[in-house]
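Every chain is numbered from 1, with letters handed out A, B, ... down the list of sequences.
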Number of protein chains: 2
Amino acid sequence: MVTIYDVAKEAGCSPATVSKAFNNYKSISQKTYKKIMETADKLGYTPNNSARALATKKTWLIGVVLSEELHTGITHPHFSEILQSFNTRIGEYGYDIVFISKRFGNKEESYLEHCLYRGVDGVLLAVGAKFKDEIKSILESDIKCVSVEGIYPNKYTVISDNRMGSFQALEYLYFLGHRKIAHIACPLNSVAGRERYEAYREFLESRGMEFNPKYVVEAEDFTHEAGQKAALQLLQQTFDDFPTAVYVAYDDVAYVSMTTFQEKGFRIPEDISIVGFDNIKISAFTTPPLTTIEQDRMEIGKRAADLLINLIEEKEIDEPYEIRIPTKLIMRNSCSRVAE
Amino acid sequence: MVTIYDVAKEAGCSPATVSKAFNNYKSISQKTYKKIMETADKLGYTPNNSARALATKKTWLIGVVLSEELHTGITHPHFSEILQSFNTRIGEYGYDIVFISKRFGNKEESYLEHCLYRGVDGVLLAVGAKFKDEIKSILESDIKCVSVEGIYPNKYTVISDNRMGSFQALEYLYFLGHRKIAHIACPLNSVAGRERYEAYREFLESRGMEFNPKYVVEAEDFTHEAGQKAALQLLQQTFDDFPTAVYVAYDDVAYVSMTTFQEKGFRIPEDISIVGFDNIKISAFTTPPLTTIEQDRMEIGKRAADLLINLIEEKEIDEPYEIRIPTKLIMRNSCSRVAE
DNA sequence: GTGAAAGCGCTAACAG
DNA sequence: CTGTTAGCGCTTTCAC
């Protein structure tokens, strides 16, 4: 391994100068800077981050905590895209991601311990409020953090404007003449689930429509299985008066609902109109293509990254703790004007 | 920050002893071990990995290189599941993952430099052969690595048995009476694309069926868009003699092909039978549910992890460089006996 | 079974 | 503008 000493010796200067050169101190003359860089290159020197971290207490590592338990982790189309965008952005600033888990080296360590062990400079939280207890220790520590899912007091969170999205979906359906609008919710212990559901109720009320509990079902989790079950249950609950439209709180389940309804003999959109939420990739290719609410995942990831970096670097931040990213109605073919 | 010195002082022993206790040296008496652990706990001590890494040259970090460019990264259902399984497994051994990228801190650094900077103990390669050049430096360095996608001389790779999978698909179709079997391939510069295509040709030959170039189309990349385009092209190329079945090299595209065919008036499976490859989550919920070849992603991730850890810890390995994970035919409803 | 001491590669005052 | 020096927190001989 070639070190700063090797470079110094070869370049005829001190290790300190090499260090300064690599850290872009302005106090280095052009000449020596150039010389140092050249010999570093020649010798194939790469700075050693462990040593640097030990000396500076900065690892350039950002912890990411997400919960595989709820099928809402790296494998989830929503979070994986946010994560990708987040990672790209922090990469531009020299940071890397490390996944924080509870189980570590066979013993039960808390998330906090894992963070401390890795010495992360900050943390991205992508877990639902359901896991409030397990991340409590990190929330209470003075590790900088930003959330893209749960909402916590005095912490920044970047999240879609669920109310806006719900209203966009519902207003569109209403505009098409629908008055019997059902809702398949995501788990209500998630922020998305709760907010979209509440917006649904708020919308009904704002239009003077009566809330009918039979028109609402909550999916157990974020899997396709749960979605199918929910769709079936909705049909069962409303067999005496089927809805003409259903607002489904996320695309994966909107999709499964469509196929489930179709299998039961309903035509989409003629018999039932559907609007989803997420605009995941496949939604443009379903039969029929799904009308849905787009979440700007690239923006969420990027904003969260910028925010976290500013926090870490102790820059001035003049944003509210809760940053809402606007959503957008994507009209495709799963909705039609209500039949007379 | 509480260090080993604090613990030592409080426990009435030397830092060296504390270190030994934490590293499970057997030369520590039960009594002092217990004492140390208790006071460590009391003081809230967590080992600092940067310091440990500096002293030992071991970071407990594993680099992961995957290529977002081909839409085949963290966002891809196949790789994200492998990664999840891999991550869980290495986590059990105390390792963590860090993503290796080319662009780092604004300057163009090669993958190798990123690895060196982070001092990774090993690398998981999940990039196609298309990127051979960019990972060449890693391959040539003496960093331990395992691949789950490309195949490189003298390197371990854990990958599905694509030939087996193709034969399972094709034999099933053949058994159902199909003789006009088309193939939609993934990009042929990927291992999966090439091997499945070659197996397709081998199968035809083995059954004395004539290979007809018109029955084959190669998708441009791994997106739904490319799949749709490929499906359309297949229809166009074969308008005078449509295939009765098509073997599609991956589920995402199999799915899009189904909907595309359906939109063009073909019934699945009555007019065209489809078998895919991957068994991604959604495949059980398409209309009709997709018959496909299952890849055991959990196993791939786990095996790759075990292999890499053994490599890192210089254990004996008696496995071939190329480890093929068996595939499995999952029969659902997208295939039927050929019409007379 | 335990401890003293040197050192891992780098940074950060402080001098010069 | 450059160099000296003293750590950062931990591990690892080698004595005891």
Side-chain angles (χ1 to χ4, degrees), chain A residues 1-37 39-40 43-61 94 105 113-121 313, chain B residues 1-37 39-40 43-61 94 105 113-121 313:
Chain A
M1 164 171 268
V2 23
T3 77
I4 219 170
Y5 283 86
D6 303 320
V7 178
K9 195 191 285 180
E10 181 80 10
C13 66
S14 79
T17 310
V18 177
S19 171
K20 283 171 193 158
F22 268 90
N23 288 287
N24 293 316
Y25 277 51
K26 62 284 161 81
S27 71
I28 303 286
S29 77
Q30 267 308 125
K31 192 161 49 173
T32 55
Y33 178 83
K34 230 186 128 193
K35 178 97 190 240
I36 287 171
M37 285 319 185
T39 78
L43 266 43
Y45 167 75
T46 308
N48 176 325
N49 188 62
S50 298
R52 187 199 292 238
L54 183 57
T56 59
K57 263 125 192 50
K58 175 157 175 129
T59 56
W60 297 92
L61 233 33
E113 271 174 289
H114 198 165
C115 287
L116 261 22
Y117 172 73
R118 284 292 170 193
V120 297
D121 297 334
E313 300 181 350
Chain B
M1 164 173 267
V2 22
T3 76
I4 220 170
Y5 283 85
D6 304 321
V7 178
K9 196 192 284 181
E10 183 80 11
C13 67
S14 78
T17 310
V18 178
S19 170
K20 283 171 192 158
F22 269 89
N23 288 286
N24 292 316
Y25 277 51
K26 62 287 162 79
S27 70
I28 303 285
S29 77
Q30 267 309 124
K31 192 162 47 172
T32 54
Y33 178 85
K34 228 185 128 196
K35 178 98 190 239
I36 286 172
M37 286 318 185
T39 78
L43 267 40
Y45 167 75
T46 308
N48 176 324
N49 187 62
S50 298
R52 187 199 292 236
L54 183 57
T56 59
K57 263 127 192 49
K58 175 156 175 133
T59 56
W60 298 90
L61 233 33
E113 271 174 290
H114 198 165
C115 288
L116 260 24
Y117 172 73
R118 285 291 170 194
V120 297
D121 297 333
E313 299 181 350

### Message
If you only use heavy atoms from C-beta on, which nucleotide in D:dC10, D:dG9, D:dG3 is closest to the side chain of B:Met1?
### Response
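It is D:dG9.
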### Closest contact, heavy atoms only, A:Asp121 versus A:Lys57
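Shortest heavy-atom contact: OD1-O, 4.3 Å.
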### side chain to side chain donor-acceptor pair (under 3.5 Å) partners of A:Thr32, counting only residues at least two apart
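For A:Thr32 the side chain to side chain donor-acceptor pair (under 3.5 Å) partners, ignoring immediate neighbours, are A:Ser29.
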With a 4.0 Å limit, can you tell me whether [X] has a side-chain N or O closer than that to the phosphate oxygens OP1/OP2 of [N]?
X: B:Tyr25; N: D:dT12; answer: yes
X: B:Asn23; N: D:dT11; answer: yes
X: A:Thr17; N: D:dT2; answer: no
X: A:Lys26; N: D:dC1; answer: no

Whole angstrom is fine here: how far is it from [atom1] in [X] over to [atom2] in [N]?
X: B:Leu54; N: D:dT11; atom1: CG; atom2: P; value: 11 Å
X: B:Trp60; N: D:dT11; atom1: CH2; atom2: P; value: 11 Å
X: B:Phe22; N: D:dT11; atom1: CZ; atom2: P; value: 9 Å

### Pairwise side-chain contact, A:Arg118 with B:Leu61, heavy-atom cut-off 4.5 Å (strictly under)
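The answer is yes; the side chains approach within 4.5 Å.
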### Side-chain touch A:Lys20/A:Tyr33, heavy atoms, less than 4.5 angstrom
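A:Lys20 vs A:Tyr33: side chains apart.
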### Query
Between CD1 of A:Ile28 and CE of A:Met37, what distance do you get to the nearest 0.5 Å?
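So the gap between those two atoms works out to 9.5 Å.
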### Gap separating the CZ atom of B:Phe22 from the OG1 atom of B:Thr46, nearest 0.5 angstrom
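The OG1 atom of B:Thr46 is 8.0 Å from CZ of B:Phe22, to the nearest 0.5 Å.
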Just distance, no hydrogens or angles: give the donor-acceptor pairs under 3.5 Å from side chains in residues 1-8 of chain B, sequence neighbours left out.
{"from": "B:Thr3", "atom 1": "OG1", "to": "B:Tyr5", "atom 2": "N", "distance (Å)": "3.0"}
{"from": "B:Asp6", "atom 1": "OD2", "to": "B:Thr3", "atom 2": "N", "distance (Å)": "2.8"}

### Task
Map A:Thr56 and B:Ala55 onto DNA chain C by nearest heavy atom, then report which one ends up closer to the 5' terminus.
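The residue closer to the strand's 5' end, by nearest nucleotide, is B:Ala55.
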### Query
Which residue lies toward the 5' end of DNA chain C, B:Ala16 or B:Ala51, if each is placed at its nearest nucleotide?
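Looking at the nearest nucleotide for each, B:Ala16 comes out on the 5' side.
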#### Entry: chain B contact limits on DNA chain C, taken 5' to 3' with a cut-off of 4.0 angstrom to heavy atoms
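Going 5' to 3' along DNA chain C, contacts run C:dG1 to C:dG9.
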### Task
Give, ordered by number, those residues of residues 2-13 of chain A having at least one heavy-atom distance below 4.0 Å to an atom of DNA chain D; if nothing qualifies, reply none.
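Those residues whose heavy atoms fall under 4.0 Å from DNA chain D, taken from residues 2-13 of chain A in numerical order, are A:Cys13.
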Got a list of side-chain donor-acceptor pairs under 3.5 Å for residues 48-56 of chain A, not counting sequence neighbours?
{"from": "A:Asn48", "atom 1": "OD1", "to": "A:Ser50", "atom 2": "N", "distance (Å)": "2.7"}
{"from": "A:Asn48", "atom 1": "OD1", "to": "A:Ala51", "atom 2": "N", "distance (Å)": "3.1"}
{"from": "A:Asn49", "atom 1": "OD1", "to": "B:Tyr117", "atom 2": "OH", "distance (Å)": "3.0"}
{"from": "A:Asn49", "atom 1": "ND2", "to": "A:Thr59", "atom 2": "O", "distance (Å)": "3.2"}
{"from": "A:Arg52", "atom 1": "NH1", "to": "A:Asn23", "atom 2": "OD1", "distance (Å)": "3.4"}
{"from": "A:Thr56", "atom 1": "OG1", "to": "A:Arg52", "atom 2": "O", "distance (Å)": "2.7"}
{"from": "A:Thr56", "atom 1": "OG1", "to": "A:Lys58", "atom 2": "N", "distance (Å)": "3.3"}

### Query
Contact class for A:Thr32 (heavy atom, under 4.0 Å): base, sugar-phosphate, or nothing?
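Result for A:Thr32 = sugar-phosphate.
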### Query
With a non-hydrogen cut-off below 4.0 angstrom, is A:Tyr33 in contact with a base, only sugar-phosphate, or nothing?
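Nothing: the residue A:Tyr33, judged by heavy atoms under 4.0 Å, touches no strand.
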Within the sub-3.5 Å range, which N or O atoms of nucleotides 14-16 of chain D have a protein N or O partner, and how far apart are they?
none

### Task
Would you kindly compare B:Arg52 and A:Ser14 by the position of their nearest DNA chain D nucleotide and give the one closer to the 5′ end?
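Here A:Ser14 is the residue nearer the 5' end.
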